[in-house]
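A short write-up of the structure that comes next.
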Amino acid sequence: MEITYSLSEIDKIARQIIPLLSSKVVIFEGSMGMGKTTLIKSLVKALGINDVAASPTFGLVNHYENDDNTVYHFDFYRIEREEEAFDIGFEEYLYSGAWCFIEWAERVSSYLPERYTTLEFEWIDADRRKLKIINPSD
């Protein structure tokens with residue numbers, strides 16, 4: 001499935017995307033500046049979590065939760081070795097049953113579960129993106 005949206009619609013798009021995700025492990029693919037973290041912030045909000053989400057680039061993982069949902073947001077852009085993900089207990093997070101939103105997942109590919117959903121970002125222009133949702137059964 002593909003969705004085209006403008007950045008001003010991001011909160012609405014996040015609410016639409018959540019029921020379309022067949023896995024709670026979600027990979028965000030796209031180059032720097034595509035809006036991956038921006039969408040994750042809106043997804044956290046759409047899940048009813050009041051914490052303000054931020055990029056975990058330096059800490060590798062941020063944790064958000066409410067009574068109904070737990071979200072782990074990973075950003076592996078700055079890791080130098082795949083084993084750094086193992087050192088923070090990445091595999092335990094993946095199999096916790098919580099939402100796991102992962103940026104730069106290609107840097108930890110050997111640790112990824114067999115089934116996950118991928119969100120591929122495509123640049124249309126400065127304000128618009130195309131988002132392709134790829135579920136494990138697609």
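In what follows, every heavy atom counts, from backbone to side chain, and hydrogens, waters and symmetry copies are set aside. From a predicted model like this one, the values you see are computed outputs, not experimental measurements.
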Q) Among side-chain atoms of Thr37 and Glu103, is any donor-acceptor pair under 3.5 angstrom? A) yes
Q.
Considering only residues two or more places apart or on different chains, which pairs with a residue in residues 85-101 satisfy side chain to side chain donor-acceptor pair (under 3.5 Å)?
A. Asn69-Trp99
Q) Which pairs, with at least one residue in residues 9-18 and sequence neighbours excluded, count as a side chain to side chain donor-acceptor pair (under 3.5 Å)? A) Ser6-Glu9, Asp11-Ser42, Asp11-Lys45
How far does [atom1] of [X] sit from [atom2] of [Y], to the nearest 0.5 angstrom?
{"X": "Ile134", "Y": "Glu29", "atom1": "CD1", "atom2": "CD", "value": "7.0 Å"}
{"X": "Trp104", "Y": "Ser109", "atom1": "CH2", "atom2": "OG", "value": "14.5 Å"}
{"X": "Ile40", "Y": "His73", "atom1": "CD1", "atom2": "NE2", "value": "3.5 Å"}
{"X": "Leu43", "Y": "Leu21", "atom1": "CG", "atom2": "CG", "value": "7.0 Å"}
{"X": "Ile102", "Y": "Arg107", "atom1": "CD1", "atom2": "CZ", "value": "14.0 Å"}
{"X": "Thr117", "Y": "Ile17", "atom1": "OG1", "atom2": "CD1", "value": "11.0 Å"}

Q) Just wondering, more than 12 heavy atoms not from Glu106 lying within 6.0 Å of its CD? A) yes
(Q) Would you say that more than 12 heavy atoms from the other residues, nucleotides or ligands in this model lie under 6.0 Å from the CG of Asn50, or not? (A) no
Check [X] against [Y] and note the closest heavy-atom contact, atom names and distance.
{"X": "Glu82", "Y": "Val108", "result": "OE2-C, 2.9 Å"}
{"X": "Ile124", "Y": "Lys130", "result": "CD1-N, 3.8 Å"}
{"X": "Leu7", "Y": "Ala126", "result": "CD1-O, 3.8 Å"}
{"X": "Ser23", "Y": "Asn135", "result": "N-OD1, 4.4 Å"}

Q: Taking the six-membered ring for Trp and the full ring for Phe, Tyr or His, determine whether the centres of Tyr72 and His63 are under 6.0 Å apart.
A: yes
(Q) Any heavy-atom pair between the side chains of Leu119 and Val26 that's under 4.5 Å? (A) yes
Q: Report yes if the side chains of Ile3 and Ile133 come closer than 4.5 Å at any heavy-atom pair, otherwise no.
A: yes
Q: Identify, with sequence neighbours excluded, every residue that meets salt bridge (Lys or Arg N to Asp or Glu O under 4.0 Å) alongside Glu122.
A: none
Q: Just jot down the ring pair (Phe, Tyr, Trp, His ring centres under 6.0 Å) partners of Phe76, sequence neighbours excluded, or say none.
A: Phe74, Phe90
Q | Listed partners of Tyr5 passing ring pair (Phe, Tyr, Trp, His ring centres under 6.0 Å), at least two apart | A | none
Q. Does Arg128 use its side chain to pair, donor to acceptor, with the backbone of Trp123 at less than 3.5 Å?
A. no
Q) Would you say the side-chain atoms of Arg129 pair up with the backbone N or O of Met34, donor to acceptor, closer than 3.5 Å? A) yes
(Q) Applying side chain to side chain contact (heavy atoms under 4.5 Å, CB included), can you list everything that pairs with Asp68, at least two apart in sequence or on another chain? (A) Asn66
Q: Run the numbers on Lys41 and Phe101 for side-chain contact (heavy atoms from CB on, under 4.5 Å), then give the verdict.
A: CA-CA 10 Å; Lys41 290 176 182 182; Phe101 297 152; over 6 Å; no
**Q.** From CA spacing to verdict: side-chain contact (heavy atoms from CB on, under 4.5 Å), Phe28, Phe121
**A.** CA-CA 8 Å; Phe28 293 75; Phe121 290 74; 3.8 Å; yes
